[in-house]
Amino acid sequence: QAKLAGKSCFRYYSRALDHAVERRLHLEQELRGAWERGELHLVYQPIFRTLDRMLIGVEALLRWQHPVLGAIPPSMFIDIAEQSGLIQTLGPKVLHAACLRARQWPCNGAGEELFVSVNVSPRQLRSGDLAAAVEQCLHVSGLAASRLHLELTETAVISDEMLAASLLEKLHRTGVKVWLDDFGTGFSGLSHLRQVPVDGVKIDKSFVADLQRDPDDLALTSAIIAMAHALGITVVAEGIEHQAQFDLLNERGCDLVQGYWLARPLDSDDLVRLLDAAPNPA
Ligand code: C2E
Ligand code: MG
Ligand code: MG
Ligand code: MG
């Protein structure tokens with residue numbers, strides 16, 4: 001009896017597993033060629049300077065609108081692209097598209113040119129010559145290097161320090177800025193900041209989420225800001241959904257802020273409209 005139950009139990013789990021594997025394989029198939037079919041596009045989430053709340057840059061975020069399955073979240077398809085190696089062709093396309101697009105945006109109300117921040121997945125880091133790809137993109141698009149930022153995840157950079165050091169060195173020579181994304185989640189972070197030459201850290205939204213309620217998160221966030229500033233590194237906070245979070249970060253000197261409370265990710269046309277509508281303080 002027990003044996004039978006165990007068996008059917010196994011069959012149940014194994015069928016559920018088959019299902020998940022099948023779905024993943026299906027999505028992987030669909031993801032191949034999705035760019036060419038025009039199902040993938042970029043949206044841009046504004047990033048603001050905390051001090052004067054000026055919009056000074058954006059983060060490029062990929063969206064997949066499948067004709068039958070609908071919107072598929074990046075948390076799902078980026079992972080598939082990463083595991084399958086598809087990211088190796090997709091990553092450079094995203095980089096190109098973001099650089100070309102950024103050239104079309106008007107300046108902000110203070111007359112400053114926006115930067116565009118592009119996410120780079122761990123596999124992209126390890127494959128080939130990222131610095132050469134970046135240079136190629138800047139050359140083809142004509143975008144000034146200072147207007148391109150790359151977001152690398154903390155864990156990817158920390159996991160291979162030797163590779164990271166030489167890669168970061170090469171990236172710096174191209175003139176782009178490098179930020180560590182999801183900072184704080186790997187937590188090896190604080191001490192490693194001294195060894196990895198980055199321009200900025202993005203405090204993960206999981207810390208920001210509970211800032212008003214959790215004294216530990218507030219303490220850690222304050223420590224990250226203080227440490228980063230001691231090293232001359234810019235601090236960005238992401239996932240700000242309430243004014244209270246903004247106020248706390250502002251008080252502690254967080255340089256840049258991003259989140260639904262300030263602005264949602266926008267398509268390029270809406271971003272341009274927002275910039276055109278912005279009051280000019282000068
Ligand atoms: P990420 O780089 O940490 O991007 C920030 C995510 O937080 C985005 O989710 C953004 O829409 C979301 N977000 C922004 N403000 C708020 C807020 O106030 N509250 C909450 N709850 N969320 C907020 P999204 O667009 O779903 O992207 C998820 C992840 O997928 C990104 O995390 C990034 O790691 C990855 N990703 C997205 N586009 C690309 C891409 O082009 N290339 C690569 N390699 N990864 C990408
Ligand atoms: Mg990011
Ligand atoms: Mg992040
Ligand atoms: Mg993330």
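Every number for a ligand or one of its atoms is a count from 1 in the order of the listing. Quantities reported herein were computed from a predicted structural model and do not represent experimental measurements.
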*Asks:* Please state the angle at the Mg ion (ligand 2) spanned by OD1 of N119 and OE1 of E151: what is it, rounded to 10 degrees?
*Replies:*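 It comes to 90°.
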
*Asks:* Hey, is K202 touching ligand 1 through its side chain, its backbone, both or neither, going by heavy atoms under 4.0 Å?
*Replies:*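 Answer for K202: neither.
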
*Asks:* For Q45, which of R264, Q258, E59 qualifies under side chain to side chain donor-acceptor pair (under 3.5 Å)?
*Replies:*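 With Q45 as partner, R264, Q258, E59 yield a single side chain to side chain donor-acceptor pair (under 3.5 Å), made by Q258.
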
*Asks:* Is it the side chain (CB and beyond), the backbone, both or neither of R63 that lies under 4.0 Å from ligand 1, heavy atoms counted?
*Replies:*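 Side chain only.
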
*Asks:* For ligand 1, which atoms have a heavy atom of D182 less than 4.0 angstrom away?
*Replies:*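 Going through ligand 1 atom by atom, the ones under 4.0 Å from D182 are 3 (O).
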
*Asks:* How does K205 reach ligand 1, by side chain, by backbone, by both or by neither, if only non-hydrogen atoms under 4.0 Å count?
*Replies:*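 Near ligand 1, K205 shows its side chain, while the N, CA, C and O stay back.
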
*Asks:* Which atom, counting only N, O or S, brings E59 closest to the Mg ion (ligand 2)?
*Replies:*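 Looking only at N, O and S atoms of E59, the one nearest the Mg ion (ligand 2) is named OE2.
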
*Asks:* At a non-hydrogen distance cut-off of under 4.0 Å, which region of V94 contacts ligand 1 (side chain, backbone, both, or neither)?
*Replies:*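 Side chain only.
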
*Asks:* With heavy-atom distances below 4.0 Å as the criterion, list the atoms of ligand 1 near S121.
*Replies:*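 Heavy-atom distances to S121 below 4.0 Å select 44 (N).
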
*Asks:* What I want to find out is whether E113 reaches R147 closely enough, with some N-O distance under 4.0 Å, to be called a salt bridge.
*Replies:*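 Between R147 and E113 there is a salt bridge, with a charged N closer than 4.0 Å to a carboxylate O.
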
*Asks:* Taking heavy atoms and a distance under 4.0 Å, where does Q45 meet ligand 1: side chain, backbone, both or neither?
*Replies:*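 The answer is the side chain.
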
*Asks:* Can we say R24 and D79 salt-bridge, meaning some charged N sits less than 4.0 Å from an Asp/Glu carboxylate O?
*Replies:*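 Yes, this pair counts.
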
*Asks:* Can you tell which of T185, D79, D181 gets a heavy atom nearest to atom 1 (P) of ligand 1?
*Replies:*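 The residue whose heavy atom sits nearest atom 1 (P) of ligand 1 is D181.
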
*Asks:* Would you confirm whether the ring centroid of F115 sits within less than 6.0 angstrom of the ring centroid of W179?
*Replies:*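 Yes.
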
*Asks:* What part of I78 sits under 4.0 Å from ligand 1 if we count only heavy atoms: the side chain, the backbone, both or neither?
*Replies:*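 Side chain only.
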
*Asks:* As an exercise, identify every atom of ligand 1 less than 4.0 angstrom from a heavy atom of I240.
*Replies:*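 That gives atoms 18 (O) of ligand 1.
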
*Asks:* What is the name of the N/O/S atom in D181 that sits closest to the Mg ion (ligand 2)?
*Replies:*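 This turns out to be OD2.
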
*Asks:* Does the structure place the NZ or CZ of R63 under 6.0 Å from the centre of the six-membered ring of F77, at an angle of no more than 45° from the ring's axis?
*Replies:*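 No, cation not above the ring by the 6.0 Å, 45° rule.
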
